[in-house]
Amino acid sequence: MGHNGGGVVEKVGSDVMEFKQGDRITFQGWYEADGKFHHGTFQQYAIALAVVATREISDDTSFKQAAMFSGMVTVAHSFYSHKPDTKSLKLPPTWETGDRGLSARRFIFVAGGSGQVGLFALQFAKLSGFTNIVTTASLHNTDLVKAYSATHVNRRKLPSEKVIEEVKVIAGGPVDLAFDAVSIPGTLKLSVAVLKQA
């Protein structure tokens, strides 16, 4: 599978103008529209769509480092973007304001905390001042997500109803914010179900 990758461009399609053979790039895998076929990155050669590839990366950046860019940028944008019409949590940049008090009293839920995007979400939640960070993960990833700032871990294989019930017990009701790091219909429904309704 694999969702993020980095490498050297071997060939470009006839319509691709932004990249050329020999460019060092980072890119994302993707699912077909029906969700049945995944173009992953865990292989020697992979197809990259030019629209989701990142511009040429520097020679001193490893492909492993470059492959993390898209996950980090996805989470940072989702947490902090204040651009008009942007769908984000619109959190204040606490490293600039120094105000962590509001977040410290609130609960955030991260669906899928042990993947690359989830681990970044846990770290950005901590950076934003959250001291109550609830996530889902496999049991064998409990120590990992706790090391990345999760304060409460629910087993991801539990039925959704049980996860919702446990999250609401932990938070004393619905959570203040939710972030879906998996982005499939089941985790989206779960994230909405644990969230306070406006």
Side-chain angles (χ1 to χ4, degrees), residues 1-33 35 37-98 100 103 108 110-130 133 135 137 141 143-150 177 179-184 187:
M1 208 161 111
H3 295 285
N4 302 297
V8 177
V9 174
E10 291 291 328
K11 274 184 166 180
V12 294
S14 59
D15 294 334
V16 176
M17 301 298 162
E18 318 78 305
F19 301 101
K20 65 186 182 312
Q21 186 177 12
D23 282 349
R24 292 167 46 85
I25 64 166
T26 180
F27 59 96
Q28 293 179 302
W30 77 95
Y31 286 98
E32 294 290 338
F37 190 72
H38 181 261
H39 297 271
T41 60
F42 291 163
Q43 50 195 331
Q44 185 175 356
Y45 294 96
I47 296 171
L49 295 176
V51 295
V52 293
T54 300
R55 293 178 188 89
E56 191 170 347
I57 58 173
S58 65
D59 289 337
D60 61 343
T61 301
S62 73
F63 294 132
K64 185 177 179 180
Q65 291 170 320
M68 293 191 293
F69 290 163
S70 65
M72 180 178 63
V73 170
T74 296
V75 177
H77 179 81
S78 298
F79 270 52
Y80 304 114
S81 178
H82 286 263
K83 290 184 177 181
D85 300 322
T86 298
K87 292 182 172 48
S88 83
L89 297 177
K90 295 184 175 28
L91 295 175
T94 55
W95 56 92
E96 290 179 5
T97 65
R100 296 174 189 260
S103 295
I108 186 169
V110 176
S114 61
Q116 182 200 44
V117 171
L119 293 173
F120 277 120
L122 297 174
Q123 291 177 307
F124 278 119
K126 180 71 172 181
L127 180 64
S128 298
F130 285 91
I133 305 168
T135 192
N141 286 323
D143 290 341
L144 173 69
V145 295
K146 285 188 171 184
Y148 279 77
S149 302
L177 294 170
F179 182 84
D180 181 5
V182 183
S183 297
I184 59 174
T187 55

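Computed from a prediction, not measured in an experiment: that's the story for all the values here.
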Main chain of E10, side chain of Q21: is a donor-acceptor contact present, judged purely on distance under 3.5 Å? yes
Are the side chains of H77 and T86 in touch, meaning some heavy atoms are under 4.5 Å apart? yes
Do V182 and V117 come close enough that some side-chain heavy atom pair is under 4.5 Å? no
Before giving the answer on side chain to side chain contact (heavy atoms under 4.5 Å, CB included), spell out for F120 and V73 the whole-Å C-alpha distance, their side-chain angles and the decisive distance to 0.1 Å. CA-CA 9 Å; F120 277 120; V73 170; over 6 Å; no
Side chain D180, main chain S183, donor-acceptor under 3.5 Å: yes
Please check if the side chain of R24 supplies one atom and the backbone of G7 the other of a donor-acceptor pair under 3.5 Å. no
F27 side, atom CZ; N4 side, atom CG - distance, nearest 0.5 Å: 9.0 Å
Counting N and O atoms only, with roles assigned by atom type, does the side chain of S149 sit under 3.5 Å from a partner on the main chain of K126, one being a donor and the other an acceptor? no
Quick one: sort the Y80 and F124 rings into parallel, tilted or perpendicular, breaks at 30° and 60°. perpendicular
Side-chain ion pair, K20 and D23, N-O less than 4.0 Å: yes
Backbone N/O of I184 and side chain of T187: donor-acceptor pair under 3.5 Å: yes
Please find the pair of heavy atoms, one from T135 and one from A150, that lie closest to each other, and give the distance. CG2-CB, 3.7 Å
Let's go through T61 and T26 carefully: what are the C-alpha distance in whole Å and the side-chain angles of both, what is the deciding distance for side chain to side chain contact (heavy atoms under 4.5 Å, CB included) to 0.1 Å, and is it a yes or a no? CA-CA 10 Å; T61 301; T26 180; over 6 Å; no
Search all heavy atoms of A66 against all heavy atoms of I57 and return the closest pair with its distance. CB-CD1, 3.4 Å
Tightest non-hydrogen contact, residues A67 and G6, listed as CB-N, 4.4 Å
Is the ring centre of F179 less than 6.0 Å from the ring centre of F79? yes
What distance do M68 atom CE and S62 atom OG have between them, rounded to the nearest 0.5 Å? 7.0 Å
Drop me the distance from D143's CG to Y148's OH, to the nearest 0.5 angstrom. 13.0 Å
Chi angles and distances behind the side chain to side chain contact (heavy atoms under 4.5 Å, CB included) call for I25, V9: CA-CA 7 Å; I25 64 166; V9 174; 3.9 Å; yes
Nearest 0.5 Å, please: how far is NZ in K146 from CD1 in I133? 12.5 Å
Any side-chain heavy-atom pair from F130 and L91 closer than 4.5 angstrom? yes
Spell out, as yes or no, whether a donor-acceptor pair under 3.5 Å connects the side chain of S81 to the backbone of S88. no
Measure the spacing between CD1 of I108 and OG of S128 and express it to the nearest 0.5 Å. 7.0 Å
